[in-house]
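Below you'll find the structure, written out as structure tokens, and then a few comments.
What's counted below: heavy atoms across the whole structure, side chains too, no hydrogens, waters or symmetry copies. Computed from a predicted model, the values in this text were never measured in an experiment. Proteins get letters first, then strands, A, B, ... in listed order; numbering begins at 1 in each.
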Amino acid sequence: MKNTLSYSQSTYCFSLLKGGIPKTGLIGIQGTLGSGKTEAVIQFLNENDKLKAVWVESEFNLYPQALGLQGVSLERILFLESSWVFWCVTQVLKSQIFQVAILYHDAFSEVELRRLQILARQTQSLILLLQDTEKILSQVRWPFLLQLESRRTQVSSHPILNILRSKNSELWHAQI
Amino acid sequence: MARTDLVIGIFFKHSIGELQVQKIAESCYRITPQVAIRETQSIFLEVSQSLSLFTVRGIVSRVHVILKNYSVSAQVYLATDPFRCLAKAYLSEDYTKSQVTSENKIQNASFISLDDLPWSQLPIDALYCFFDPFRKPHEEEDKEIKKLIHLMKAMGVLNFDVFLKIPIKSIGSRFGKIGLLLYEHALGTRKVVWQYFQVQNQIEESIDVDSDLEGESLDYILFISKSLLDSISMRLRARTLRVNRLLIEFKLKKSFLQSDDLSSLVRSFDFQLPIAQGSTLGILPIIRESLSFYFGQSPLLSPICSILIRVLETSPGHATQKNFFHTDDFLVEAHDQLLNRLIARIGKENVFYANSVDSYSPEKAWTKTLCFKQKNVQLQSSKLKSSESQSSFIQSDEDSMQRPTRILKKPQSLEFESFEVLYSHEKTWRVLYWIGPERLVSEWWISSPVHEVVNRDYYQILTESREKLWVFFDRNFNPPQLFLHGYFD
């Protein structure tokens, strides 16, 4: 009970995940292209309208207008396109200006994931790593605090998040 | 209530160059625009009007920081006018001893603590300081003043109390024109006119480097450059400017070079900062990144013997004082520094904020920007809907106005045989149902090539594998051709 309370104080609210999303740590969201990973993140940003985020992609194909249409203020999101994703996110999070980093990159090695995990802890920030299931080279799971999978049931509904793995599974329950 | 005048005098213990004095005075420009230089000896700041911005203690601390940055030792004195400030300095032991070579040393001046001494008890030797605080007297004037002081001593006028009791009517006849001037200055009836202080046109700093051992190492060069950048930052801040473009020039030691080519003796680097910077903390990381890249490509062939940094372009800086009770100012500065670092490494086109734009074409509905201007843009998509019913599983509802989260840079052609199955060159989708259409037609009144005119019927489709796609029939073709344009990822 004591554990749950302390976690609830250090989480961001997120309607797709009961218990919210932890404020610090590396969280993976995976799914096929079109499964709703990005929509889930947009909803998270929409529900936490004070957060400043950086969105880093190695090949930028995000459509920023979709964020604006879903109520996310574009003013608080810095977009970066670079193959040096790790360097970019390190610079941004160490500046302490942005609380959340959203990365769309499939080619992270296990060592890099571990570094991201440490970076998130050092800078007290949240890193959301979006990965395309079809492109993930190896299933590295241990550096993730929480690993989620997005999927859809109907066209008009929001995507659903399933918990694949969590370091403390009792604390989070997927919203179904 | 009239505010008392307050003057701060900075008196250098050792003679420093005229240029150095000018730079220090320029750095003090931030505190007050009323700055005057007495040749290479001292700087005066009239700060009474600045007291609504700074405290006296704050001003003195700032002056000490500036002096420390230039590695100059000086005495700082406060008084109600520059004459008294000068008198304080000349009568103090430290300063007078350090100026033993000065021709204008007050002869036989007794070293006293002026803080406790009333002005009326000031020794008559101090009258020398009441001629002109901003310049040394000429040779003839100097002789005349000294002669006058000698005469007064002989007459028993040993301090200001006695001197100022002499009726003004008899001063002219007894001591002449200079005597009257000194009397009025001492009495405070004649105010001194402050000179117009003009800052230098160009901001540049240079330093000679002695070390042969470390002259090629980047860390050493950055260490040296930092002190130059500190001085430049101070001068920029004083003018409320920030730097946009910077030139760094390294002169190499000739003796270490194998070729006789003189052009290889100087290496210059032109730094264009995408966002103007006002502090060393912002500029130094960019210089470090760039120099490490350049030196990696083409190392220095010899140790450096001098570094010159010149400001080539500036833009207006933050004029206001920082708010110590709110972190916004610091965040803005840190944000600008971050953007500069990112741009220096990954390029200007890859660091951006997104800005919505009024356009019917989805590709042109947003632009990249660095300076975000909030603009409430309503998506003005055409609401024309096809009246013809395509098939039983085509739906038309509010969802048809949604936009995908991912968009392809170039729409991908799809093979369309039926509404149930779609083929691309790499994948096959079995479709559960379609939503739409949403017809988007670009600005027909703007003449553009036919292939650039948007004339599309967009649909959202859900596949059996639960992927949501954004496809369109391009009506520029006959029959209309199907393209995949994005994903609702």
If you count heavy-atom pairs under 4.5 Å with chain B, which of [options] comes out on top?
options                            : answer
A:Asn61, A:Leu67, A:Val41, A:Leu80 : A:Asn61
A:Gly34, A:Ser95, A:Ala40          : A:Gly34
A:Gly31, A:Pro64, A:Gly68, A:Cys88 : A:Pro64

> Which heavy-atom pair separates B:Ala354 from A:Leu74 by the least distance, and what is that distance?
Replying inline: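 Smallest interatomic distance, heavy atoms only, reads O-CB, 3.5 Å.
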>> To check you understand the geometry: which heavy-atom pair defines the closest contact between A:Phe98 and B:His335, and what is its length?
In response: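 What the structure gives for the nearest pair is CZ-CD2, 4.2 Å.
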Let me confirm one number: the [atom1]-[atom2] distance from [X] to [Y], rounded to the nearest 0.5 Å.
X        : Y        : atom1 : atom2 : value
B:Gln337 : A:Gln91  : CD    : CD    : 11.5 Å
B:Thr369 : A:Glu75  : OG1   : CD    : 10.5 Å
A:Lys37  : B:Tyr487 : NZ    : OH    : 10.5 Å

> Can you list the residues that meet the side chain to side chain donor-acceptor pair (under 3.5 Å) rule with A:Gln99, with sequence neighbours excluded?
Replying inline: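 In terms of side chain to side chain donor-acceptor pair (under 3.5 Å), with neighbours along the sequence ignored, A:Gln99 is linked to no residue.
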>> I'd like to check the side chain to side chain donor-acceptor pair (under 3.5 Å) partners of B:Glu363; sequence neighbours left out, ordered by chain and number.
In response: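 With sequence neighbours excluded, B:Glu363 shows a side chain to side chain donor-acceptor pair (under 3.5 Å) to B:Ser361, B:Arg456, B:His485, given in chain and number order.
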> What part of B:Leu338 lies closer than 4.5 angstrom to a heavy atom of chain A: side chain, backbone, both or neither?
Replying inline: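 Answer is side chain: those atoms of B:Leu338 sit under 4.5 Å from chain A.
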> Where does B:Pro285 contact chain A at under 4.5 Å (heavy atoms): side chain, backbone, both or neither?
Replying inline: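 Neither; nothing under 4.5 Å.
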>> Checking A:Gln65 against B:Arg403: is there a side-chain donor and acceptor pair closer than 3.5 Å?
In response: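 Per modelled atom types, B:Arg403 and A:Gln65 side chains form no pair under 3.5 Å.
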> Does atom CD of B:Gln272 have more than 12 heavy-atom neighbours from other groups under 6.0 Å away?
Replying inline: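 Atom CD in B:Gln272 is packed in, count exceeds 12.
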> Can you tell me if NZ on B:Lys348 sees more than 12 non-hydrogen neighbours from other groups inside 6.0 Å?
Replying inline: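 No - once you tally the heavy atoms of other residues, nucleotides and ligands closer than 6.0 Å, there are 12 at most.
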>> I'd like to know which of B:Arg345, B:Glu467, B:Glu349, B:Arg341 tops the heavy-atom pair count under 4.5 Å against chain A.
In response: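 Top option by heavy-atom pairs under 4.5 Å: B:Arg345.
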> What option among B:Leu469, B:Thr463, B:Ile346 has the most heavy-atom pairs under 4.5 Å with chain A?
Replying inline: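 Among the listed options, the one with the most contacts to chain A is B:Ile346.
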> Would you say the side chain of A:Leu69 lies within less than 4.5 Å of the side chain of B:Gln402, judging by non-hydrogen atoms?
Replying inline: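 A side-chain contact under 4.5 Å is absent here.
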>> Run the side chain to side chain contact (heavy atoms under 4.5 Å, CB included) test on A:Asp132 and B:Asp489 for me, step by step, so that the C-alpha distance in whole Å, both residues' side-chain angles and the decisive distance to 0.1 Å come before the verdict.
In response: CA-CA 10 Å; A:Asp132 194 342; B:Asp489 182 41; over 6 Å; no
> Which residues, numbered in order, of residues 42-56 of chain A come under 4.5 angstrom of chain B by heavy-atom distance?
Replying inline: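 Residues of residues 42-56 of chain A touching chain B at under 4.5 Å: A:Ile42, A:Trp55.
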> Between the main-chain N or O of B:Phe488 and the side-chain N or O of A:Tyr63, is there a donor-acceptor pair closer than 3.5 Å?
Replying inline: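 Between the backbone of B:Phe488 and the side chain of A:Tyr63 there is no qualifying donor-acceptor contact (under 3.5 Å).
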> So what's closer than 4.5 Å to chain B heavy atoms on A:Ile77: side chain, backbone, both or neither?
Replying inline: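 Interface part for A:Ile77: backbone (N, CA, C, O).
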> Under a 4.5 Å heavy-atom cut-off, does chain B meet the side chain of A:Tyr104, its backbone, both or neither?
Replying inline: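 When you check distances to chain B, only side chain atoms of A:Tyr104 fall under 4.5 Å.
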> Residues of residues 406-414 of chain B under 4.5 Å from chain A (heavy atom pairs)?
Replying inline: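 Within residues 406-414 of chain B, the residues under 4.5 Å from chain A are B:Arg406, B:Ile407, B:Lys409.
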> Under the side chain to side chain contact (heavy atoms under 4.5 Å, CB included) criterion, do A:Trp87 and B:Leu342 qualify, and how do the steps go?
Replying inline: CA-CA 9 Å; A:Trp87 182 86; B:Leu342 292 169; 3.8 Å; yes
